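First up is the structure itself, then whatever we jot down about it.
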Amino acid sequence: MGMQIRDALDFVSTNRNGILIALKSDGRPQSSNIAYTMGAGDDAGKILISVTDGRAKTKNLRRDPRASLHVNRDDFWAYVVIEADVELTTVATTPGDGTVDQLVDYYRSVAGEHSNWEEYRQAMVDDARLILKLTPTHAYGMLNR
């Protein structure tokens, strides 16, 4: 059953963990447990996820930039699935590049302040990290229970 995207975003904004579902080249789903945050500023209304360049989900989403994010309520009796178009930032290449700046914002939103931002910035480059940006196109689920 469909629901308003606004209601789905309100629900997922109360959590930070979900299951990202991408499509493998053979069309079967590929799922990954992920942490996410809600975008702000130019990314308001989007869902942001930090990923590494070499992972299956990143490769699958480059090939087919459609994804679903499944989020459960803690008691498991309510859930939302947000179908989305995916945008991928460039891969972090230097500690001061724009992608690393976005990863710093992402970290602050998910976990607060880091004890060593210089070390964190270098780790983002070493890990070849980037940000997935999900733009919701449809939502469904069960919120009442």
Side-chain angles (χ1 to χ4, degrees), residues 3-141 143:
M3 69 174 54
Q4 295 293 319
I5 289 174
R6 176 183 62 249
D7 295 333
L9 287 172
D10 286 347
F11 179 83
V12 301
S13 71
T14 65
N15 203 331
R16 291 287 177 252
N17 300 312
I19 301 167
L20 181 69
I21 301 160
L23 296 173
K24 296 179 186 180
S25 59
D26 66 3
R28 290 183 298 165
Q30 182 258 323
S31 64
S32 303
N33 292 347
I34 53 88
Y36 65 87
T37 191
M38 305 305 294
D42 291 343
D43 290 325
K46 296 181 182 181
I47 300 162
L48 310 180
I49 304 165
S50 171
V51 298
T52 55
D53 191 36
R55 297 278 167 89
K57 66 181 154 282
T58 308
K59 183 167 105 175
N60 287 332
L61 290 167
R62 274 202 179 97
R63 184 185 30 72
D64 186 341
R66 297 176 296 160
S68 295
L69 176 67
H70 182 120
V71 178
N72 290 314
R73 192 170 64 200
D74 287 343
D75 69 7
F76 201 68
W77 292 109
Y79 72 95
V80 163
V81 177
I82 294 179
E83 296 174 348
D85 293 330
V86 177
E87 173 190 349
L88 296 93
T89 66
T90 58
V91 177
T93 56
T94 64
D97 71 22
T99 296
V100 175
D101 291 343
Q102 290 180 61
L103 288 159
V104 166
D105 292 342
Y106 170 87
Y107 185 96
R108 281 186 171 129
S109 179
V110 170
E113 289 299 315
H114 194 278
S115 62
N116 185 333
W117 284 114
E118 185 176 315
E119 181 181 282
Y120 174 83
R121 285 175 171 277
Q122 186 59 52
M124 297 302 95
V125 173
D126 294 346
D127 290 351
R129 289 225 166 238
L130 62 147
I131 297 276
L132 296 180
K133 298 180 181 187
L134 306 181
T135 300
T137 58
H138 181 75
Y140 61 93
L143 294 178

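Nothing here was measured: the structure is a model prediction, and the numbers come from that model.
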Side-chain touch L61/V51, heavy atoms, less than 4.5 angstrom: no

Can you tell me how far the CG atom of D126 sits from the OG1 atom of T52, to the nearest 0.5 Å? 12.5 Å

Shortest non-hydrogen contact from A56 toward Q30: C-OE1, 4.0 Å

Looking at K24 and N60, what are the two nearest heavy atoms and their distance? CA-OD1, 3.8 Å

Close side-chain approach of T90 and L130, heavy atoms under 4.5 Å: no

Where do F11 and N72 come nearest, in terms of heavy atoms and distance? CZ-C, 4.1 Å

Any donor-acceptor pair under 3.5 Å from D97 side chain to T99 backbone: yes

How long is the gap from CD1 on I34 to OG on S50, to the nearest 0.5 Å? 10.5 Å

Above 12 or not: heavy atoms from other molecules or residues under 6.0 Å from CZ of R55? no

Do the non-hydrogen side-chain atoms of Y36 and L132 ever get within less than 4.5 Å of each other? no

Inter-residue atom distance N15.CG - T37.OG1, 0.5 Å rounding: 11.0 Å

NZ/NE/NH1/NH2 to OD/OE distance under 4.0 Å, R28 and D26: yes

Fit a plane to each ring of W117 and Y120, take the angle between them on a 0 to 90° scale, and name the class: parallel (under 30°), tilted (30 to 60°) or perpendicular (over 60°). perpendicular

If you count every heavy atom of other residues, nucleotides or ligands that lies below 6.0 Å from K59 atom NZ, does the total exceed 12? no

When you compare the side chain of T14 with that of V71, does any pair of heavy atoms fall below 4.5 Å? no

Carefully, step by step, assess K133 and D42 under the rule side chain to side chain contact (heavy atoms under 4.5 Å, CB included). CA-CA 11 Å; K133 298 180 181 187; D42 291 343; over 6 Å; no

State whether the side chain of T89 and the backbone N or O of I131 hold a donor-acceptor pair below 3.5 Å, judged by distance alone. yes

Would you check if R73 and V80 make a side-chain contact, meaning some heavy-atom pair closer than 4.5 Å? no

Please list, chain by chain and in numerical order, all residues satisfying side chain to side chain donor-acceptor pair (under 3.5 Å) with R6, sequence neighbours excluded. none

Taking side chain as C-beta onward, heavy atoms only, is N116 less than 4.5 Å from Q122? no

Counting heavy atoms not belonging to D74, are there more than 12 under 6.0 Å from its CG? no

Closest approach of I49 and Y106, non-hydrogen atoms and distance? CA-CE1, 4.0 Å

Determine whether E83 and R66 make a side-chain contact, defined as any pair of heavy atoms from C-beta on separated by less than 4.5 Å. no

A92 versus M124, closest heavy-atom pair with distance: CB-O, 3.8 Å

Under the side-chain contact (heavy atoms from CB on, under 4.5 Å) test, residues paired with L9 that sit two or more places apart: I5, V12, M38, I47, I82, P136

Taking atom CD as the centre, does E113 end up with more than 12 heavy-atom neighbours from other residues, nucleotides or ligands that are less than 6.0 angstrom away? yes

Does the side chain of L134 reach to within under 4.5 Å of the side chain of K46, using non-hydrogen atoms? no

Heavy-atom closest contact (A67 atom, V86 atom, distance): CB-CG2, 3.6 Å

Side-chain donor/acceptor of R63 to backbone N/O of L23, under 3.5 Å: yes

Side chain to side chain contact (heavy atoms under 4.5 Å, CB included) between R121 and D101, worked out: CA-CA 8 Å; R121 285 175 171 277; D101 291 343; 2.9 Å; yes

